[in-house]
2 protein chains.
Amino acid sequence: MSEKVSSRKQQVRAEDVARHAGVSRVSVSRTFTPGASVSDATRAKVLKSAEILGYRVNRLASSLNRSESGIVALVAAEIDTPHRAAMIAELSERLQAAGKVTMLINTSGYEERVKDALLQAISFRTEAAIILSGAPDPSLADTCFSNGMKLVLINREEDFPGSLQIGPDNRAAGKTALKALLRAGCKRIALANSANATWSIVERQKGFLAAAEEAGVDVLCEVDGFTSYQAGLELGTALLDREDRPDGIFCTTDLIACGVIDAARQRFGLRTPDDLSVIGFDNIQQAEWEGYDLTTFAQPTDQIIDKCLEWCTTEQPSSETVKLPAKFVWRNSVQKARVPMK
Amino acid sequence: MSEKVSSRKQQVRAEDVARHAGVSRVSVSRTFTPGASVSDATRAKVLKSAEILGYRVNRLASSLNRSESGIVALVAAEIDTPHRAAMIAELSERLQAAGKVTMLINTSGYEERVKDALLQAISFRTEAAIILSGAPDPSLADTCFSNGMKLVLINREEDFPGSLQIGPDNRAAGKTALKALLRAGCKRIALANSANATWSIVERQKGFLAAAEEAGVDVLCEVDGFTSYQAGLELGTALLDREDRPDGIFCTTDLIACGVIDAARQRFGLRTPDDLSVIGFDNIQQAEWEGYDLTTFAQPTDQIIDKCLEWCTTEQPSSETVKLPAKFVWRNSVQKARVPMK
DNA sequence: CTGTTAGCGCGTTCAT
DNA sequence: ATGAACGCGCTAACAG
């Protein structure tokens with residue numbers, strides 16, 4: 001008769017610790033449950049035995065039992081993009097500090113993935129899903145809600161009931177950008193934007209153009225490509241190649257702005273801010289690199305995350321839409337003011 | 001008498017679906033278990049009811065039962081650094097494609113966090129932990145192993161039994177870098193490195209210096225600061241400010257290289273490759289930006305991940321150390337060859 | 001092919 | 001303060 005080999009992976013259980021410490025299994029559970037009552041003597045015995053045996057509470061089991069996983073899903077595409085990476089770094093940092101575990105779901109590629117991401121999150125009884133890319137199908141969102149899962153959309157479209165929608169005030173930033181270019185004395189103002197921009201990026205464009213119309217100035221619009229450095233290079237090249245070359249460009253993204261600046265420098269021999277003023281958005285790390293020294297808008301990341309965590313930890317949060325001001329970061333890619341303020 | 005309010009979060013269970021479909025609870029389980037035998041009729045009924053009720057298998061429960069979580073932990077610090085972000089993007093992408101779920105643990109800050117990260121991973125019965133930053137305490141590693149958890153160290157120190165250790169062949173790359181600078185006709189060769197470099201980065205330096213000694217050439221070594229763009233700026237400034245200004249610099253990291261190039265351009269009016277040859281390492285996105293056009297080494301990311309996944313999915317993998325060649329990526333930050341090859 | 005039974009590891013009653 | 005019993009939601013094993 002062959003010995004039966006268990007295919008299950010071995011694991012130290014609370015019962016093992018209890019036997020080793022000579023106490024009941026419940027006492028083990030209690031020593032690891034904050035606020036439970038155990039005598040110091042048994043607690044000490046339990047901790048010692050746990051240490052020796054290498055025991056760790058199985059959170060799969062405890063989560064199942066308590067119906068609280070402590071897991072938060074982070075749904076994002078293009079994770080290696082500077083601003084996105086910074087956001088994820090901050091978020092994961094803060095989630096951990098709040099005692100949560102982050103499950104990262106990469107949705108690069110086909111859009112259908114956002115759906116799969118949420119389904120996976122539901123399967124793990126994730127407490128919340130923070131979505132940085134794409135918007136889920138509303139019906140799917142209902143499934144999330146009915147499973148007690150919270151939904152946060154950062155920098156995403158409006159009209160999504162039941163969730164927290166949060167991001168910078170993109171329109172206001174667009175207006176500020178226009179004013180700054182005017183105040184710098186720019187005569188021919190342009191806008192460089194991706195043709196595949198997200199909703200929040202388009203908002204920046206709208207704010208910029210609305211302010212321009214209000215001020216009665218024309219804007220050269222170059223909208224093409226993706227939201228990337230390479231697109232910035234081409235947008236910049238197209239704009240600077242014109243006979244009526246612009247002298248002030250608002251780029252809806254720092255990545256685009258870096259491309260525009262490089263196009264100016266490498267392809268046209270133009271320098272910022274002397275020959276050209278450029279404003280970006282995001283305040284990515286490269287914005288403060290000496291080769292760019294980019295005037296831009298810093299996303300209110302800290303406040304976004306503050307609000308996000310607060311909302312996620314309240315019992316029955318209600319639908320909410322929050323716009324936070326983006327901070328204008330002055331560096332040296334915009335000509336010093338030549339026009340006095342009104 | 002007040003009605004008792006359940007504090008547990010509501011959840012659609014297999015039993016609910018079973019009742020709704022008029023079948024047994026096990027049939028529900030079977031329809032969602034690949035390779036289980038259910039008649040098409042009942043499967044259809046189950047799927048329909050599941051759809052209606054919004055049922056999703058609770059993976060906390062199934063993982064507990066089957067002792068297989070399907071979760072892989074990604075342990076990393078400085079997630080927003082270009083190369084690290086790219087690595088995480090790729091890894092999470094591939095893990096998902098392999099049907100795994102990635103749990104991201106950010107260990108930026110104090111070093112103790114790596115320990116906490118692994119303890120957390122153990123709690124969730126993670127199938128493997130892929131460590132991109134820091135090295136765990138060996139005794140802790142044993143706890144991992146005894147809980148059936150695999151350990152992968154990417155770009156980390158050697159002598160770590162029981163794990164897969166994988167990364168580029170840093171020494172070889174260092175040697176290649178030196179040869180390239182010599183072949184470019186550089187007369188005064190320098191090395192720029194962080195004072196807080198990881199083991200793998202120091203290996204690059206060692207390879208470079210060993211090759212220099214072999215070739216009988218002196219190397220100016222500037223080692224200071226962190227592994228960052230800012231450090232590169234200062235390292236570059238220090239080197240280029242010397243009377244015996246170098247004309248060829250190997251930077252152990254692209255980030256440092258970008259800093260060096262900017263120092264040369266912005267602070268000394270020097271251009272690559274005409275006045276100065278620069279070589280980096282990592283092939284980050286910025287390396288191909290037009291302002292840098294950096295000659296560098298591409299990490300063999302794909303192969304690393306291939307091996308990583310393969311190793312993690314084998315039943316009883318044995319200790320292994322793998323060095324993969326880094327690919328030299330020629331761009332335009334190094335003077336064209338002026339010295340014929342030997 | 002289907003249903004019944006048992007148990008994954010844990011936390012929370014309810015007793016003592 | 002401690003122990004016994006129960007159930008979280010699920011799947012594997014065993015009958016029929």
Side-chain angles (χ1 to χ4, degrees), chain A residues 4-46 50 53-71 122-127 147-148, chain B residues 4 6-46 50 53-71 122-126 147-148:
Chain A
K4 186 180 175 186
V5 175
S6 170
S7 69
R8 290 187 181 278
K9 276 160 193 154
Q10 206 54 14
Q11 176 171 163
V12 185
R13 307 180 309 275
E15 190 174 343
D16 301 326
V17 177
R19 191 173 12 249
H20 186 274
V23 299
S24 97
R25 195 184 60 72
V26 189
S27 298
V28 178
S29 181
R30 285 202 246 261
T31 46
F32 291 104
T33 301
S37 54
V38 209
S39 73
D40 290 348
T42 54
R43 147 166 281 131
K45 282 194 287 187
V46 169
L53 299 177
Y55 171 74
R56 289 270 108 196
V57 173
N58 184 332
R59 289 197 60 178
L60 257 29
S62 77
S63 294
L64 173 62
N65 190 348
R66 309 190 315 147
S67 299
E68 280 188 24
S69 67
I71 308 177
I122 293 174
S123 289
F124 277 95
R125 296 309 186 256
T126 286
E127 298 184 352
N147 280 77
Chain B
K4 187 180 176 186
S6 170
S7 70
R8 288 186 181 279
K9 277 160 194 157
Q10 207 54 14
Q11 177 171 159
V12 185
R13 307 178 310 272
E15 190 175 344
D16 300 327
V17 178
R19 189 173 15 244
H20 186 274
V23 300
S24 97
R25 196 171 59 75
V26 190
S27 297
V28 178
S29 183
R30 283 202 248 262
T31 47
F32 292 104
T33 302
S37 53
V38 210
S39 72
D40 290 347
T42 55
R43 147 167 281 130
K45 281 193 287 185
V46 168
L53 300 176
Y55 172 72
R56 290 269 107 198
V57 174
N58 185 333
R59 290 198 58 178
L60 256 29
S62 78
S63 294
L64 172 62
N65 189 340
R66 309 191 320 148
S67 299
E68 281 187 24
S69 67
I71 308 177
I122 293 175
S123 289
F124 277 93
R125 298 307 187 257
T126 286
N147 280 78

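First the proteins, then the strands, lettered A, B, ... as listed; each starts at 1.
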Within the structure shown, what part of the strands sits under 4.0 Å from B/Tyr55 by heavy-atom distance: base, sugar-phosphate, or nothing?
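Counting heavy atoms under 4.0 Å across all strands, the contact made by B/Tyr55 is with sugar-phosphate only.
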Over all strands shown, is A/Ser29 touching base, sugar-phosphate only, or nothing at heavy-atom distances under 4.0 angstrom?
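The answer is base, as A/Ser29 lies within the cut-off (heavy atoms under 4.0 Å) of a base atom.
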Distance in angstrom units between [X] [atom1] and [N] [atom2], rounded:
| X | N | atom1 | atom2 | value |
| --- | --- | --- | --- | --- |
| B/Asn58 | C/dG9 | CG | C1' | 14 Å |
| B/Arg56 | D/dC10 | CZ | P | 12 Å |
| A/Asn65 | C/dG7 | CG | C1' | 15 Å |
| A/Arg66 | D/dG9 | CZ | P | 15 Å |
| A/Leu64 | C/dT12 | CG | C1' | 13 Å |
| B/Glu68 | D/dG9 | CD | C1' | 18 Å |
| B/Leu60 | D/dT11 | CG | C1' | 15 Å |
| A/Arg59 | C/dC8 | CZ | P | 22 Å |

Decide side-chain contact (heavy atoms from CB on, under 4.5 Å) for B/Asn58 and A/Leu64; before the verdict, give the C-alpha distance in whole Å, the side-chain angles of both, and the deciding distance to 0.1 Å.
CA-CA 9 Å; B/Asn58 185 333; A/Leu64 173 62; 4.0 Å; yes
With sequence neighbours left out, write down each residue that passes side-chain contact (heavy atoms from CB on, under 4.5 Å) with [X], or none if nothing qualifies.
| X | result |
| --- | --- |
| A/Arg25 | A/Ala14, A/Glu15, A/Ala18 |
| A/Ser29 | A/Thr33 |
| A/Ser69 | A/Ser63, A/Ile71, A/Glu127, B/Leu60 |
| A/Arg30 | A/Val26, A/Ala36, A/Val38 |

Among residues at least two apart in sequence or on other chains, which ones pass ring pair (Phe, Tyr, Trp, His ring centres under 6.0 Å) with A/Tyr55?
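For A/Tyr55 the ring pair (Phe, Tyr, Trp, His ring centres under 6.0 Å) partners, ignoring immediate neighbours, are A/Phe32.
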Between the protein and nucleotides 2-6 of chain D, are there any N/O to N/O pairs under 3.5 Å, and if so, what are the atom names and distances?
from	atom 1	to	atom 2	distance (Å)
D/dT2	OP1	A/Ser39	OG	3.1
D/dT2	OP2	A/Ser39	N	2.9
D/dT2	OP2	A/Ser39	OG	3.2
D/dT2	OP2	A/Thr42	OG1	3.0
D/dG3	OP2	A/Ser24	N	3.1
D/dG3	OP2	A/Ser24	OG	3.0
D/dG3	OP2	A/Ser27	OG	3.3
D/dG3	N7	A/Arg30	NH2	2.9
D/dG3	O6	A/Arg30	NH2	3.4

What residues, two or more places apart in sequence or in another chain, satisfy side chain to side chain donor-acceptor pair (under 3.5 Å) together with A/Arg59?
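Partners of A/Arg59 by the side chain to side chain donor-acceptor pair (under 3.5 Å) criterion come out as none, since no residue qualifies.
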Kindly write out the residues that satisfy side chain to side chain donor-acceptor pair (under 3.5 Å) with B/Ser123, not counting sequence neighbours, or none if the list is empty.
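In terms of side chain to side chain donor-acceptor pair (under 3.5 Å), with neighbours along the sequence ignored, B/Ser123 is linked to no residue.
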So which nucleotide from C/dC10, D/dT11, D/dC10 ends up closest to the side chain of A/Arg13?
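Nearest listed nucleotide: C/dC10.
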Can you give me the bend angle of the helix from C/dC1-D/dG16 to C/dT16-D/dA1? Use the axis through the first five pairs and the one through the last five, nearest 10 degrees.
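Nearest ten degrees gives 40° for this helix.
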Run the side-chain contact (heavy atoms from CB on, under 4.5 Å) check on A/Arg125 and B/Arg56 step by step: do they pass?
CA-CA 10 Å; A/Arg125 296 309 186 256; B/Arg56 290 269 107 198; 4.3 Å; yes
